[in-house]
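Predicted, not measured: the structure shown is a model, and the values here were computed from it.
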Amino acid sequence: MFPAKFSFDVNAAPSCTSDFVVFPINAASSGSQPNIVAFNQLYSGVSSGLCNRTATGSDTGVDAEVFWSYRVSSIGGAVTTSPVISSDGTGAKIAFVESTNKASHFHVLAWKANDGRKTSDLQDVTSPITPTVVTVSPVAGSGTMTDLSFGSTTAGSDTLSSPFIDYFSDLAYVGNDAGVLFRIKNVFCTLPSCAGAQPMIDTSFGTGGSVTVCSGKKLTGPVLNVVNSKVYVGCADGKLYAVPSTGTGTITSITIGDGTTKTYGGIVDPPIVDSVNGFVYAESGSASTGTKAVLVQAPVSLASPVVVQIGQGNQCDLHSPTPNNAYFNSITSSGAMMYIGGVSSGTVTSCTGGTNSGATVALYGLTFNTTTGVIKSPASNTLALGGGPGYEFAPMTEFFNSNTGNDWLFYSAIQSAQTNVASSEITTGFPTAFTAVTEGIGTSGIIVDNNASSTTFPQAASIYFNALHQNAACSNNTNNALTGGCAVKLTQAGLN
């Protein structure tokens, strides 16, 4: 899953006090364990940084500071999926899901600066506070939150489905592990019809606010395509579904992977919906036919999908690909490409570590028909990345830094104690090399902040992620060796 960054404007001047990153924490909260935190003073660094300060007391002066730290504990759950920030200009509210093995809870938090921050240690998150629950839309800056239960009390957990916010309509779509898709209204209370109300199940959607998509199976995060009013969502059964945004009418689907008989045949990440070109992309670690992992491109109608085989099948889960900047400029340009990582050869004993003799991984680059925009098969480019104890890739992240003219690709091998976070410059095409560092045992999803000049705003062009660990201290800060991982920032250029 991904942290969330404010502000949204990659071209805005970086701010030490207003810009912040929210990290979800996959750990049940306690008096010393938060399950959602935020940091500001982001653009700090050991050598230099826009936000560097004079070291005082336990404040290093060269690290980010805790902006707020909360233990959301309505059900004693963890925040296992990605949070979403409001678009009000200040990022004053955060929508997220708290989940256990029972019904999940959808929260909207109106954070208050410095809540849960230790004045004796501005880098320590271990004094979280519990937000007060309110039954109206929470007021910005109040440190309060709403609490909405959704799903079965016995089988309503949410492992994979991050909420998708339709900002224009102030709606949220979110699924759960029972294969049920829900719609919630009054999320950030931005419409006159909300009139101060708290988020609630939108009973006009489906049957009483929900639609069963794939009964008893885990759903991914949903994605709304406003062009054709369909919600696309993947399922652990290996199928990609298109659900009418009204919740009524025919649900269509195509089979991507074999989630019935193969361990890694499900879909675990939200589909990529390209509304401009009319395509949707999904992937699975094991194809419904054959012995390969697969990336599938289909028209938004889900008719006539194109299947591209990726490396070896049923080895590990396959995570989201990413297009390059040339794709965003024109899918039919000769330089348009889609990147994805996978197991290239051999047999993986364990995706989460251990000895895997003879297995290797690679970066794959897929090109497109310059007339139709249809993806080409097989993959035309590969970059060998070697072998090691970890083989499952985190979702790929691309960012074009218009200030420097660099198109960057960031990627990571999950659960690997070796060099596991890499970047490649893809400005002129498929890369022949990569820069790699070691962060924990791999990363969460990776996000990017801005286009800032490293000269004018040092440390401001960076990436952020949760470095996963196995109950070990963070490499550069022993204060916060907590369950779930470590918040990490690295520069885009050089991964410093």
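In this structure, the ring of H319 has its center no less than 6.0 angstrom from the ring center of F393. For F400 and W408, the ring centers sit 6.0 Å or farther from each other. In this structure, the ring of F465 has its center no less than 6.0 angstrom from the ring center of F2.
Using modelled atom types, no side-chain atom of E65 and backbone atom of Q41 make a donor-acceptor pair closer than 3.5 Å. The main-chain N or O of D407 is found under 3.5 Å from a side-chain atom of T427 such that the two form a donor-acceptor pair. One N or O on the side chain of N466 and one on the backbone of C486 form a donor-acceptor pair closer than 3.5 Å. Judged by distance alone, the side chain of S424 and the main-chain N or O of I426 form no donor-acceptor pair under 3.5 Å. Put simply, the side chain of N52 never gets that close to the backbone of S44: no donor and acceptor are under 3.5 Å apart. Not a single donor-acceptor pair under 3.5 Å links the side chain of S412 to the backbone N or O of V421. In this structure, D88 contributes its side chain and T90 its backbone to a donor-acceptor pair below 3.5 Å. T80 places a side-chain N or O within donor-acceptor distance of the main-chain N or O of D158, the cut-off being under 3.5 Å. The backbone N or O of L171 lies less than 3.5 Å from no partner atom in the side chain of S169, so there is not a single donor-acceptor pair. At least one donor-acceptor pair closer than 3.5 Å links the side chain of S86 to the backbone N or O of K93.
Between M1 and S444, the closest side-chain pair of non-hydrogen atoms is not below 4.5 Å. Contact annotation: the side chain of I256 never approaches that of S288 to less than 4.5 Å [non-hydrogen atoms, C-beta and beyond]. Residues P431 and E425 have side chains not in contact (no heavy-atom distance under 4.5 Å, counting atoms from C-beta outward). With contacts defined as side-chain heavy-atom distances shorter than 4.5 Å, the pair S162/P270 does not qualify. For the pair D170/F188, a side-chain contact is recorded, criterion being any heavy-atom separation below 4.5 Å from C-beta on.
Neither side chain, D166 nor Y173, offers a donor N or O lying under 3.5 Å from an acceptor on the other. With 3.5 Å as the limit, one finds a donor-acceptor pair spanning the side chains of S345 and T360. No side-chain N or O of S7 forms a donor-acceptor pair with one of D9 less than 3.5 Å apart. With no hydrogens or angles considered, no side-chain donor-acceptor pair links Y70 and N35 at under 3.5 Å. Q492 and N401 share a donor-acceptor pair across their side chains, judged by distance under 3.5 Å alone.
D59 has a carboxylate O that lies under 4.0 Å from a charged side-chain N of R53, or vice versa, which qualifies the two as a salt bridge.
Atoms CD1 and CD1, on I85 and I165 in that order, are 11.5 Å from each other to the nearest 0.5 Å. The structure places CG of N176 at 7.5 Å from OG of S161, a figure rounded to the nearest 0.5 Å. Taken from CD in E398 to CE in M337, the straight-line distance is 12.5 Å, to the nearest 0.5 Å. Once rounded to the nearest 0.5 Å, the distance linking CD1 of I441 with CG of L468 reads 6.0 Å. Here CD1 of I25 is found 6.5 Å from OG of S69. Values are rounded to the nearest 0.5 Å. Note that CG of D177 and OG of S99 are 6.5 Å apart. Values are rounded to the nearest 0.5 Å.
Considering every non-hydrogen atom in both V488 and F23, the closest pair reads N-CZ, 4.3 Å.
Every residue meeting the side-chain contact (heavy atoms from CB on, under 4.5 Å) condition with A460, not counting sequence neighbours, appears here in chain and number order: P14, Y43, N450, A452, F457. Looking at residues two or more places apart in sequence or on another chain, you find no salt bridge (Lys or Arg N to Asp or Glu O under 4.0 Å) involving E98.
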Verdict with supporting geometry, S245 and L224, side chain to side chain contact (heavy atoms under 4.5 Å, CB included): CA-CA 8 Å; S245 63; L224 171 66; 4.0 Å; yes
Side chain to side chain contact (heavy atoms under 4.5 Å, CB included) assessment of V21 paired with I447: CA-CA 10 Å; V21 173; I447 61 171; 4.3 Å; yes
Evaluation steps, side-chain hydrogen bond (donor to acceptor under 3.5 Å, both in side chains), between N381 and Y364: CA-CA 6 Å; N381 302 278; Y364 294 85; over 6 Å; no
V280 vs L240, side chain to side chain contact (heavy atoms under 4.5 Å, CB included): CA-CA, chis, key distance, verdict: CA-CA 10 Å; V280 58; L240 173 66; 4.0 Å; yes
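Within a 6.0 Å sphere centred on CZ of F168, heavy atoms belonging to other residues, nucleotides or ligands number 12 at most.
Among pairs with a residue in residues 227-238, those fulfilling side chain to side chain donor-acceptor pair (under 3.5 Å) read N225-N228, N228-Y232, D237-Y241, at least two apart in sequence or across chains. Sequence neighbours left out, the pairs with a member in residues 12-24 that pass salt bridge (charged side-chain N to carboxylate O under 4.0 Å, His left out) are K5-D19. Every pair passing side chain to side chain donor-acceptor pair (under 3.5 Å) that includes a residue from residues 451-460 is listed here, sequence neighbours excluded: N11-N451, S402-N451, Q459-K489. Judged as a side chain to side chain donor-acceptor pair (under 3.5 Å), not a single pair has a partner in residues 298-312 (not counting sequence neighbours).
Across F8, F39, F67, a single residue satisfies ring-ring contact (aromatic ring centres under 6.0 Å, His included) together with F20, and that is F67.
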